[in-house]
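Input: a single structure, listed below in structure tokens.
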Protein chains: 2
Amino acid sequence: MEAIDHTDRRILMQLQRDTDQSLESLGAAVGLSRNACWRRIRALETSGFIKGRVALLDADKLNLGLTVFMQVRTSAHAPDWLDSFSTATRSMPEITGVYRMSGELDYLIRAKVADMAGYDRLYQNLIRKVPLSDVSASFVMEEIKETTQLPL
Amino acid sequence: MEAIDHTDRRILMQLQRDTDQSLESLGAAVGLSRNACWRRIRALETSGFIKGRVALLDADKLNLGLTVFMQVRTSAHAPDWLDSFSTATRSMPEITGVYRMSGELDYLIRAKVADMAGYDRLYQNLIRKVPLSDVSASFVMEEIKETTQLPL
DNA sequence: ACTGAAACAAGGTTAAC
DNA sequence: GTTAACCTTGTTTCAGT
């Protein structure tokens, strides 16, 4: 696993914007021939810098217009509580992010649902699978920025 | 803009998992010929269900191992405060998400930085660009789940 | 109107330098 | 790193259901 140079960064920058460019245009953008480019990309893949290539869908069009952040506060709990919490949240496709936060007893959940009724179903499902003492939800009114691009 | 059927959903499911499969294998997965598949994908693109295709990078490898959520509480402010806030956050590449939350005076920011020093730089930069009264930060200790896949 | 089969062209992959 | 051959696969055309 090598260190990354300036040209690699530029390639990554392009790919995390749009992975559908041809090697030709990509090479042109970073000043490289078609397969010099190809070989670098391949290296970036095998070394794990590139985790994968995915399609990004329109949540509104798919009737998933409501994004909710749930803050879970949990008091003392059995040692395997985290296990069942992880398993439960990972198995629920509406939940797109789960994070253990600083402060030890806090978890943050991000989920996508159709509407309030959808949120309630999600909430009911979740507390049925894993005991949660204190849950508070905040809803996204406006998405000012949302990107998968990392700063390079 | 049409409604989406079951086969389209299966295609979208595949593509948001991995957009690098050939039309051949994709078609096999959903029970379609190569270009029946192709035409559906094309329709899903032009109708906007597919917003784009991107590469997902490894944040740790790129020295962006610290994810932080910042909660911004703002009291009364000039009518164009939101404008300058939006412009400022959108121009900062470390910031990967900005949301106006329910409760009217709350904004949530997600950012990726290298470490605490990186967070402090980001914070200093941000408050230099736009006046913020009350900012609290929570740091991600453990990423239990993180996906771009929407539930279908 | 939507399907599949086959021809075609573009672009990813390999080999040679 | 480059150029050029190669061959997979995306794209277009066409005919059938």
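Letters go in sequence order (proteins before strands), and every chain restarts at 1. We use all heavy atoms of the structure for the numbers below, so side chains are in, but hydrogens, waters and symmetry mates are not.
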Task: Backbone N/O of A:Ile144 and side chain of B:Arg90: donor-acceptor pair under 3.5 Å - done: yes

Open item on the list: Quick check against the 3.5 Å criterion: does A:Arg100 have a side-chain atom that pairs as donor or acceptor with the backbone of B:Glu142?
Closed with: no

Open item on the list: Protein within reach of the bases, or only the backbone? For nucleotides 8-17 of chain D, mark each nucleotide 5' to 3' as B, S or -, using heavy atoms under 4.0 Å.
Closed with: -BBBBB----

TODO: In whole angstrom, give the distance that lies between atom CD1 of A:Ile41 and atom P of D:dG1.
DONE: 12 Å

Open item on the list: Can you measure A:Arg40 atom CZ to C:dG12 atom C1' for me and round it to whole angstrom units?
Closed with: 18 Å

Open item on the list: Is there a ring-ring contact (aromatic ring centres under 6.0 Å, His included) between B:Tyr107 and B:Tyr99? Walk through the geometry before answering.
Closed with: CA-CA 6 Å; B:Tyr107 294 84; B:Tyr99 314 93; over 10 Å; no

Task: Parallel, tilted or perpendicular, as decided by the 30° and 60° cut-offs, for the rings of A:Phe69 and B:Phe69 - done: perpendicular

TODO: Give the intermediate values and the outcome of side chain to side chain donor-acceptor pair (under 3.5 Å) for residues B:Gln14 and B:Arg17.
DONE: CA-CA 5 Å; B:Gln14 293 288 328; B:Arg17 233 187 11 90; 3.2 Å; yes

